Amino acid sequence: MDTLRLYWRPGAASMAPHAALAEIGVDYELVLIERDEAQADAGYRALNPLGVVPTLVDGDLVLTESAAILLYLADRYPEARLAPEERADFYRWLVFMTNTLQTTMLRFFYPDRYGSGDVGAVALAEAERHFDLIESHLESRVWLVGEHRTGADLFLLMLTRWGRQLDTPAWERPHLRAHFLRTLALPGVQRMFEEERLELPEWAG
Ligand SMILES: N[C@@H](CCC(=O)N[C@@H](CS)C(=O)NCC(=O)O)C(=O)O
């Protein structure tokens, strides 16, 4: 069987699939793609036409989009329980995160790509509202969906970390902070943080 290969960059949208691979415990190979390299490298763009990370290669399969990679890994390795048995809420939160919050964060990080005007400021306010919604959902929950950690929690950890750059950092919300710490303690997440050499905030060290 071929080793799974993940094209990645530290702290990027590859964080969640990277943590998922480590949580599964399967062998994987990491291929670092620098920001400028991704756009310029025709070989990489043959795998990922937009020249972004992540891309997962599993034998003949080439898969882009971080949420799709999580869903694929959840199906391929059911014993890792990356998806709960009841799928509806899992789909809802994962799609909300990738389709709504993640795209808002990208507008916040790269306002120039989205036209003129107050793109960044509007995205900032929107992202704050999205994190508030997740915060209230987490009020009575340990994990985002179901009774154990799923791929949705790995995705949320990634976005909570991205949200450290907002005016009110996402993890200043108490339930989001508790969720971040809980998810951070997972062995696969610890391994991903080490492999990506990501710094932790002081309160999480
Ligand atoms: N929706 C995509 C977004 C991927 C994405 O935008 N990745 C960023 C890093 S977070 C990237 O590679 N950007 C490089 C660039 O835009 O030049 C996914 O979730 O996989």
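Whatever order the structure lists them in is the order used to number ligands and atoms, beginning at 1. These numbers come from a predicted model, not from an experiment. In what follows, every heavy atom counts, from backbone to side chain, and hydrogens, waters and symmetry copies are set aside.
- Near R9, meaning under 4.0 Å from one of its heavy atoms, ligand 1 places the atoms 9 (C), 11 (C), 12 (O), 13 (N), 14 (C).
- Heavy-atom contacts from other residues, nucleotides or ligands closer than 6.0 Å to CD of E79 number more than 12.
- I24 and V57 are members of different hydrophobic clusters when ILVMFWY side chains are connected at heavy-atom separations under 4.5 Å.
- Scanning the protein for heavy atoms near atom 4 (C) of ligand 1, the closest one is V53 O, 3.3 Å.
- Using modelled atom types, one finds a donor on one side chain and an acceptor on the other under 3.5 Å when comparing Q102 with T98.
- Atoms of ligand 1 found under 4.0 Å from any heavy atom of S66, numbered from 1 in the order shown, are 18 (C), 19 (O), 20 (O).
- Shortest contact from atom 10 (S) of ligand 1 to any protein heavy atom: A13 N, 3.3 Å.
- Distances between N or O atoms of G51 and those of ligand 1 include no value under 3.5 Å.
- Considering only non-hydrogen protein atoms, atom 17 (O) of ligand 1 sits nearest to Q39 NE2, 3.2 Å.
- By the 4.5 Å heavy-atom criterion applied to side chains, P17 and L56 are not counted as neighbours.
- Taking distance alone, with nitrogen or oxygen atoms compared against 3.5 Å, W162 stays at or beyond that limit from ligand 1.
- Checked by distance only, ligand 1 and E65 come closer than 3.5 Å through their nitrogen or oxygen atoms.
- Remark: the E195 side chain and the Y28 side chain contain an N/O donor-acceptor pair separated by less than 3.5 Å.
- No donor-acceptor pair under 3.5 Å is formed between the side chain of W162 and the backbone N or O of L106.
- In the vicinity of R113, heavy-atom distances shorter than 4.0 Å reach the ligand 1 atoms 15 (C), 16 (O), 17 (O).
- The shortest distance between side-chain heavy atoms of M15 and S66 does not fall below 4.5 Å.
- When each atom of ligand 1 is checked for a heavy atom of P54 under 4.0 Å away, the hits are 20 (O).
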